[in-house]
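Only heavy atoms go into these numbers, but all of them, side chains included; no hydrogens, no water, no symmetry mates. When a ligand or atom number is given, it counts from 1 through the structure's own listing order.
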Amino acid sequence: MELRVENGRIVYPFSVGFNSANGELDDFDTHIERYLSKLINVFADADAAWQYLRDNGDKLIYEVYEKNIPEVDGEIRFCSSITYPGKIGDEYFMTKGHFHSRPDTAELYYCIRGKGCMLMEKKDGRYVLEQMYPGRAVYVPGHYAHRSINIGDEPLISLPVYPGNAGHDYGTIEDSGFKHLVVDRNGKPTVIENPEYGRM
Ligand code: PAN
Ligand code: ZN
């Protein structure tokens, strides 16, 4: 259904359908698709990313369906975030990750399908990894960059909810990356230091 917005605010209640099998949001306003060809530098092993492209062609790594909730204080934005299974080298498919432009704003991710983890990392490099699986919610406090990582073999589907005025700061992560990576070591997700940190 159409959102009713007046003076930049939602003025009428609505509900929305969420497909827990494929993550699609009914009547979405925006659909973002992130393909590997545009994410080469997101993965620590760029050579492995190029090799993947040569071997398989381009690949949808993750996608997001959103409603156009006004990005202002007092509103609540939410979306459907779907990260597909796979690896580049030994690094799992994942989202770009970001800080919020208003860095003190928090976020809640409710996991609907799949198996993954949320890497949360502060600017000083301190990090926390939380598991994501159906029925589990992850609270991301302010000042933590966050990225969802699919460590399973089916789509990782979650419903992130965050303050309307949070905004997205992608530049900080684009410039230096996360200090930590989650990689497959003998079939087990393992956190390592990012050898490319600071020189992405
Ligand atoms: C989420 C993310 C979504 C996609 O809605 O935006 O999972 O990840 P990237 O934004 O890192 O590409 C969120 O954290 N919003 O604030
Ligand atoms: Zn966020």
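- By the 4.5 Å heavy-atom criterion applied to side chains, His143 and Asp104 are counted as neighbours.
- Among protein heavy atoms, the minimum distance from atom 11 (O) of ligand 1 is reached at Gly97 N, 2.8 Å.
- The His146 neighbourhood of ligand 1 comprises atoms 14 (O), with distances under 4.0 Å to a heavy atom of that residue.
- Shown in contact with Glu107 at under 4.0 Å from a heavy atom are these atoms of ligand 1, numbered in order with element: 1 (C), 5 (O), 13 (C), 14 (O), 15 (N), 16 (O).
- Aromatic ring centroids of Tyr144 and His146 lie 6.0 Å or more apart.
- In this structure, atom 12 (O) of ligand 1 lies nearest to the protein heavy atom Tyr62 OH, 2.5 Å.
- Between Glu130 and Val140 there is no side-chain heavy-atom pair separated by less than 4.5 Å.
- With the Zn ion (ligand 2) as vertex, Glu107 OE1 and His98 NE2 subtend 170°, rounded to 10°.
- Closest to atom 14 (O) of ligand 1, if we only count protein heavy atoms, is Tyr109 OH, 2.6 Å.
- Between Tyr162 and ligand 1, a contact under 3.5 Å exists for no N or O pair.
- Stacking of Lys123 on the aromatic ring of Phe99 is recorded, both the 6.0 Å distance cut-off and the 45° axial limit being met.
- Some N or O of His98 is nearer than 3.5 Å to an N or O of ligand 1, by distance alone.
- No N or O atom of Val64 sits closer than 3.5 Å to an N or O atom of ligand 1.
- Between the Glu154 side chain and the Arg113 main chain, no donor and acceptor come within less than 3.5 Å of each other.
- Centred on the Zn ion (ligand 2), the angle running from His146 (NE2) to His100 (NE2) is recorded as 100°, rounding to 10°.
- At a threshold of 4.5 Å between non-hydrogen side-chain atoms, the residues Arg34 and Thr95 do not count as touching.
- Between the side chain of Ser80 and the main chain of Gly23, a donor-acceptor pair closer than 3.5 Å is present.
- Ion pairing of Lys122 with Asp124 is absent here, as no side-chain N (NZ or NE/NH1/NH2) approaches a carboxylate O to less than 4.0 Å.
- Residue, atom and distance of the protein heavy atom nearest to atom 8 (O) of ligand 1 are Thr95 CB, 3.5 Å.
- Only the side chain of His168 comes within contact range of ligand 1, with a heavy atom under 4.0 Å; no backbone atom does.
- Within the structure, ligand 1 has His100 among the residues with a heavy atom less than 4.0 angstrom away.
- Aromatic ring orientation, Tyr127 versus His180: tilted (interplanar angle from 30° to 60°).
- Of all protein heavy atoms, the one lying nearest to atom 10 (O) of ligand 1 is Tyr170 OH, 2.5 Å.
- Protein heavy atom at the shortest distance from atom 5 (O) of ligand 1 is Cys79 SG, 3.1 Å.
- In this structure, the side chain of Asp58 engages the main chain of Ser37 through a donor-acceptor pair within 3.5 Å.
- Salt-bridge formation is detected for the pair Glu66/Arg77: a Lys NZ or Arg NE/NH1/NH2 atom is positioned less than 4.0 Å from an Asp or Glu carboxylate oxygen.
- Any N or O atom pair closer than 3.5 Å counts here, and Ser148 shares no such pair with ligand 1.
- The Ser81 neighbourhood of ligand 1 comprises atoms 3 (C), 7 (O), with distances under 4.0 Å to a heavy atom of that residue.
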